[in-house]
Amino acid sequence: MALIVVLSVLLILFLLNVPIAFALIVSTAVYFFFIDNFSSSILIQRMVGGIESVPLLAIIFFITAGILMNYTGITTRMLRFAQILTSRLPGSLAQVNVVLSTLMGGLSGSNIADAAMQSKILVPEMEKKGYSRSFATVLTAATSLITPIIPPGIALIMYGYVGNISIGSLFLAGVLPGIVLCIIFMIYVHFYSKKHKLETDNKEHFTAKDLLLSFKDAFFALLLPVIIIGGIRLGVFSATEAGAIAVFYALFLGLAIYREMKLKQLVRALVETVYTSASIIIIIAAGSAFAWVLTLEKVPQKMTEFMVTNVSSPILFFLVVIVFLLVVGMFIEGNVSIIILTPLFMPMLAQYGIDPVHFGIFFIICISIGTMTPPLGTIMFTTCSITGTKIEDFIKSSIPFLIILIIAALLIAFVPSISLWLPTTFK
Amino acid sequence: SSGTTSGNSSSSSSSGGDTEKEKIEINVAYGNQPGEPIDQQANKWKELAAEASDGQIVLNLYPSSQLGAEKDVVEQAKMGNNVIVMAGYDFLMDYVPDAGILTAPYLTENLDDLVYLTTTDWFAGLTDKLREQDIDIVNGNTAYGVRHLMTNEKVTTPEELAGLKIRVPNNQMSIKTFEALGATATPTPLGDLYTSLQQGLIDGAENPLPVLQGVKAQEISKHLSLTGHQKFITSWIAGTGFIESLPADVVEILKETGNDAAEYGRTVLEEQTDKVLEEFKNEGVEVHEVEIAPFKAKVSSVYEAFPDWTPGLYEEIQKLLENKQ
Amino acid sequence: MIKKIFDPIDDIIATLALAVIISLTVINVFLRFVLNSPVAWAEEISVGLFIWLVFVGMSSAMKRDNHIGVDYFVNKMPRPLKISAIIIRALAIYSALIYVLIYLGSSLTAQAHSKVTPILAISYQYIDIAVPIGGGLTAIHFTRLLIRSLKAELKKEGGE
Ligand code: NA
Ligand code: NA
């Protein structure tokens, strides 16, 4: 009974545009009115206790690093590199859109930043080359989903933190699925551009020298993911510390190598980090208070029991979960889903004998798909509002991409080695 | 649906007249994983308490720190909330400093001596002081195990331990003990232990054998030194306000069945420890018997490290232990 | 004058916390890797400052209207419904800020006197107090935001 009220209040507040953190706080507070077991100040204790952790520091570090990158001139260098890489392909600007998200994935931890940046830079250019605005927007939205899977990724950190799984292993596990997604999108873009005759006769040809020069420019930026993963694997630093190292590396690039950053920009970047990360982490705080209520109500056990009695095999389990997550993803913000659902899934994974590292990658892709769909698609809203695309047009154009993403999710579910090969090889 | 007292009228028993007592649900929280000796003990407690109260007492178990970290759930309990939580004496030291000596290195020869200490007047005094802090001990003699050292490299003397980064729980007693032994005490969450070992962020760990096996330390660290540096007992505590809100007979049953469950837990612990030692050997772990004296000599400084302790505390404990014989 | 000091206070506190956390973490990597002697309390301080960063940063985010929510449905509502939605939304946010963060946060802080951090034995009161402070700053900024948006709403009405 109390639980139903709590969930209803949460839903209503969601719909009334109450910020998600506050909606979670209010609905959890409502729960305490229904029980005489626990006093309400525990709500605050769970909020503070829920974020009092070293692994979460990685989130602010990688957000800082990502924002610093914007001030260092890395983005323009990466864009140039992506352009030269794809210049010979039909639909080259669309290919740039795919490749740039993959390259930036190694620097940035969140897909919203990536989607916003490319909506601003690439979509207008794509329109000039004859792509429809809605296609360009959807492509930007869909490819931005590569970013959180390629390490570093905030979603990976949060899943690892909540599920008590090695963040280092998750980082390694994300590399190949990220590349697989990139390749699938590139194949689709190839056929789409040929069919619609977009940029099929590229006049501008770059020489090997251009490629080399642009690679030299992008080299230091491309080195970052190597440093992060290498450093974690060699035991030089933990996944959290890797974030702090990334910040210093970005500073080093901006101040010493590219020399495009000034002290004033550094301060501005730190302030930007503060409000960007606070608005995410306050959701984690409120989410852990909410998850505490679910625990007290034994929701994870009940759901596990229900699953195990009704779903017999791991294959069926993955199918049920993908449907469930696609629906959840439509309504709940990705980070929030990770915080609330990860503890529910952990006991199930043990029952079905599924590797939590493998499941994590699948999980993150599935809930990311929901960010592209109505009613509550964060990436859909971000890209549409920047490019001025109508939601209806976005939805129409998004169908082939949703199919591609679902196929990719199933591929990752049923071919565990895509995610597990790297972590097991480099053990 | 989880009230303190949820009247259960659904039992339309055929026996007619007898009015069933209102159920009393009590939340029980601990950090250990399902299947570990502590979890088995908690399940036994649940079963015994239900039996002894004719089903009136229902213990809801929350393993794996589901309700929060030890410090947070203790805070919840202190505020008088409905929860019993397992807490180490090293942790209770923050509230009553003298409690910490029960976890001091090489205080006693074995677990039995520690359990004996919980029956003394000295311990009763400790209990009273805790009660002044709104903490009631429901069970004070749960055997957690004998802590040993597991490292990547062979360690049989304190000299070989020098400079090694050893993961310890995040509390003063463990940190000071390993610093005294010459190691670099590295407090990290137990959940990170495996990856930290794997990545070389730490060189070794320490805990009772079943816990070390629970986090798979033996997959990476192949040297087990039977240092036995701490014999470890823990307590189950609740807030004084909550205990006072319960009927006296219910509290009595909780304490009695808690004791029986602790005895059961002790048996489980010993069986599992033997079993784990065999399994470690089968997995290629080298087991080293070590000479205790040099380790014991090194840690004597730990007893000077807590200025808040009552003067003469160590001597008092030793006197109590002599009286035991 | 007061406004000039007050306005950026949340940014200043949270940014300082961030800078210290980053520096401490990097220094500790260096101490461990190069000198093999990390300081155990570095993480404890970092995590404590992190709580300050988040709860005070919550105000920085409110000031910039940066909290993640979904205005899709509210924007689709007819005007009278929309205004009542704005009111209910404001009530929900105020109750979270005033009752939960400020009131319950203060009472948790008051109770935390004997709860201490494991290594430095710092009282949790110094950590928990970030909650009511952050809640208070956020409430002030939310009020400003609310007044601004209501004024804009009314202006729209005048224009129609
Ligand atoms: Na893109
Ligand atoms: Na990434």
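Letters A, B, ... mirror the listed sequences (proteins, then strands); counts begin at 1.
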Asks: If you tally heavy-atom pairs under 4.5 Å against chain C, which of A:Ala29, A:Ser39, A:Ser40 wins?
Replies: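 The answer is A:Ser40.
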Asks: Go through the atoms of A:Val54 and report whether side chain, backbone, both or neither lie under 4.5 Å from a heavy atom of chain C.
Replies: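 Its backbone and side chain both get close to chain C.
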Asks: Between C:Tyr124, C:Phe50, C:Phe55, which has the largest tally of heavy atom pairs under 4.5 Å with chain A?
Replies: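 Counting heavy-atom pairs under 4.5 Å, the top option is C:Phe50.
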Asks: Between atom OG1 of A:Thr240 and atom CD1 of A:Ile59, what is the distance when rounded to the nearest 0.5 Å?
Replies: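 Separation between the atoms: 9.5 Å.
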Asks: Please classify the contact between A:Ser53 and chain C as side chain, backbone, both or neither, with a heavy-atom cut-off of under 4.5 Å.
Replies: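 The answer is the backbone of A:Ser53.
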Asks: So which of C:Lys82, C:Arg89, C:His67 has the biggest tally of heavy-atom pairs under 4.5 Å with chain A?
Replies: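 The option with the most such pairs is C:Arg89.
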Asks: Heavy-atom distances under 4.5 Å only: say whether A:Phe237 touches chain C with side chain, backbone, both or neither.
Replies: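 Looking at A:Phe237, backbone and side chain both touch chain C.
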Asks: Just to verify, which of A:Thr137, A:Thr389, A:Ile391 counts as forming a side chain to side chain contact (heavy atoms under 4.5 Å, CB included) with A:Met380?
Replies: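 Result: among A:Thr137, A:Thr389, A:Ile391, A:Ile391 is the only option passing the side chain to side chain contact (heavy atoms under 4.5 Å, CB included) with A:Met380.
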Asks: How are the rings of C:His141 and C:Phe6 set to each other: parallel, tilted or perpendicular (split at 30° and 60°)?
Replies: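 The arrangement is parallel - the two ring planes meet at less than 30°.
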Asks: Of the backbone (N, CA, C, O) and the side chain (C-beta and beyond), which part of C:Val54 lies under 4.5 Å from a heavy atom of chain A, both, or neither?
Replies: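 When you check distances to chain A, atoms from both the backbone and side chain of C:Val54 fall under 4.5 Å.
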Asks: Answer with side chain, backbone, both or neither: which region of C:Leu18 has an atom nearer than 4.5 Å to a non-hydrogen atom of chain A?
Replies: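 Only the side chain of C:Leu18 comes within 4.5 Å of chain A.
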Asks: Where is the tightest heavy-atom contact between A:Thr273 and A:Ile60, given as atom of each residue plus distance?
Replies: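 Reported closest heavy-atom pair: CG2-O, 3.8 Å.
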Asks: Which of parallel (below 30°), tilted (30 to 60°) and perpendicular (above 60°) describes A:Phe38 and A:Trp292?
Replies: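 It falls in the perpendicular class, over 60°.
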Asks: Below 4.5 Å from any heavy atom of chain A, which atoms of C:Ile88 appear? Answer side chain, backbone, both or neither.
Replies: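 Interface part for C:Ile88: side chain.
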Asks: So, C:Thr117 side chain and C:Ala121 main chain: donor-acceptor pair closer than 3.5 Å or not?
Replies: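 Yes: the side chain of C:Thr117 pairs with the backbone of C:Ala121.
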Asks: Apply the test ring-ring contact (aromatic ring centres under 6.0 Å, His included) to residues C:Phe142 and C:Tyr94: give CA-CA distance (whole Å), side-chain angles for both, the deciding distance (0.1 Å), then the verdict.
Replies: CA-CA 9 Å; C:Phe142 175 63; C:Tyr94 275 126; 5.1 Å; yes
Asks: Is it true that C:Gln125 and C:Thr109 share a donor-acceptor pair across their side chains at a distance under 3.5 Å?
Replies: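 Judged by distance alone, the side chains do not pair up.
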Asks: At a heavy-atom separation under 4.5 Å, does C:Leu101 approach chain A through its side chain, its backbone, both, or neither?
Replies: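 Both the backbone and the side chain of C:Leu101 come within 4.5 Å of chain A.
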Asks: Of all of A:Ile42, A:Ile25, A:Ile12, A:Ile51, which one pairs up most often with chain C through heavy atoms under 4.5 Å apart?
Replies: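 When all of A:Ile42, A:Ile25, A:Ile12, A:Ile51 are compared, A:Ile51 has the most.
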Asks: Check whether A:Ile283 gets within reach of chain C through its side chain, its backbone, both or neither, counting any heavy atom under 4.5 Å.
Replies: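 Contact with chain C involves the side chain of A:Ile283 alone.
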Asks: Where on A:Thr64 is there a heavy atom nearer than 4.5 Å to chain C: the side chain, the backbone, both, or neither?
Replies: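 It is the side chain, since no backbone atom gets that close.
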Asks: Given a strict heavy-atom distance threshold of 4.5 Å, which part of A:Leu43 is in contact with chain C: side chain, backbone, both, or neither?
Replies: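 Just the side chain, heavy atoms under 4.5 Å.
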Asks: Are the charged groups of C:Arg144 and C:Asp7 less than 4.0 angstrom apart, N to O?
Replies: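 Salt bridge: yes.
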Asks: Is C:Tyr103 close to chain A through its backbone or its side chain, or both, or neither, when contacts mean heavy atoms under 4.5 Å?
Replies: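 Neither the backbone nor the side chain of C:Tyr103 comes within 4.5 Å of chain A.
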Asks: Relative to chain A, which segment of C:Arg64 carries a heavy atom at a distance below 4.5 Å: side chain, backbone, both, or neither?
Replies: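 Side chain of C:Arg64 only, per the 4.5 Å heavy-atom cut-off to chain A.
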Asks: Do the side chain of A:Thr373 and the main chain of A:Gly370 share a donor and acceptor less than 3.5 angstrom apart?
Replies: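 Judged by distance alone, yes, a pair lies under 3.5 Å.
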Asks: With heavy-atom distances below 4.5 Å as the criterion, would you say the side chains of C:Phe30 and C:Val26 are in contact?
Replies: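 Contact flag for C:Phe30/C:Val26 side chains = no.
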Asks: Examine whether an atom of A:Leu13 lies under 4.5 Å from a heavy atom of chain C, and if so say whether it belongs to the side chain, the backbone or both; otherwise answer neither.
Replies: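 Contact with chain C involves the side chain of A:Leu13 alone.
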Asks: Is C:Asp128 in contact with chain A via its backbone, its side chain, both, or neither, using a 4.5 Å heavy-atom distance?
Replies: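 For C:Asp128, side-chain heavy atoms alone lie under 4.5 Å from chain A.
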